[in-house]
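Notes follow the structure.
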Amino acid sequence: MNKYRIFFVYRVKDLNYIHVHGMNMENKKLFTVLISSPNDEMNLALHHSELPNELLSLLEAESTRINSGLYDLAHWEPYTYS
């Protein structure tokens with residue numbers, strides 16, 4: 001299992017940013033990363049010194065899915081248990 005897991009992403013298109021929300025699975029702490037996204041695509045070049053290597057690797061590996069909208073909160077279907 002990876003140390004980090006991405007839960008969902010939401011975009012602030014007017015400001016060209018993506019918010020990535022997830023969890024550090026080792027210590028069960030939630031995280032939010034604000035990533036620059038000019039032209040609605042992640043730009044991780046600005047974040048190499050700020051992020052842990054494992055998280056940066058995960059973001060790079062999942063960048064195609066994130067950019068395509070797979071993790072976007074808008075794609076979630078509401079489901080209620082009744």
Side-chain angles (χ1 to χ4, degrees):
M1 176 187 278
N2 291 333
K3 179 176 179 178
Y4 294 98
R5 184 170 179 193
I6 298 172
F7 290 155
F8 62 89
V9 170
Y10 66 89
R11 300 166 191 277
V12 183
K13 291 186 179 185
D14 295 345
L15 301 176
N16 295 320
Y17 281 101
I18 296 175
H19 292 83
V20 179
H21 298 270
M23 179 178 275
N24 179 328
M25 301 305 284
E26 286 183 354
N27 59 18
K28 307 298 186 224
K29 291 186 179 181
L30 297 172
F31 68 83
T32 300
V33 178
L34 181 65
I35 298 175
S36 173
S37 65
N39 301 320
D40 208 25
E41 291 191 7
M42 286 193 330
N43 181 3
L44 293 172
L46 303 174
H47 304 283
H48 281 284
S49 62
E50 301 169 2
L51 299 176
N53 289 333
E54 294 96 348
L55 180 55
L56 190 58
S57 296
L58 176 64
L59 290 171
E60 288 173 349
E62 294 294 318
S63 64
T64 303
R65 290 180 174 174
I66 292 170
N67 290 336
S68 70
L70 182 70
Y71 287 102
D72 283 8
L73 198 55
H75 290 277
W76 287 21
E77 295 281 331
Y79 184 80
T80 57
Y81 296 94
S82 42

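Computation of the quantities below employed the complete heavy-atom set of this structure, encompassing side-chain atoms and omitting hydrogens, waters and symmetry-equivalent molecules.
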Do Leu59 and Ile6 have side-chain heavy atoms sitting under 4.5 Å apart?
-> yes
Value rounded to 0.5 Å, distance of CG in Asn2 from CE in Met23 | 14.5 Å
Validation: residues 25-36 side-chain donor-acceptor distances under 3.5 Å, sequence neighbours left out:
residue, atom, partner, partner atom, Å
Asn27, OD1, Lys29, N, 3.3
Lys28, NZ, Met25, O, 2.8
Thr32, OG1, His21, ND1, 2.8

With sequence neighbours left out, which residue pairs that include part of residues 56-70 fulfil the salt bridge (charged side-chain N to carboxylate O under 4.0 Å, His left out) condition?
-> Glu62-Arg65
Asp40: partners by side chain to side chain donor-acceptor pair (under 3.5 Å), with sequence neighbours left out | Arg11
Side chain Ser37, main chain Met42, donor-acceptor under 3.5 Å | no
If you measure from CG on Leu44 to CG on Leu55, what distance do you get to the nearest 0.5 Å?
-> 9.0 Å
To the nearest 0.5 Å, what is the distance between CD1 (Ile18) and CG (Asn67)?
-> 6.0 Å
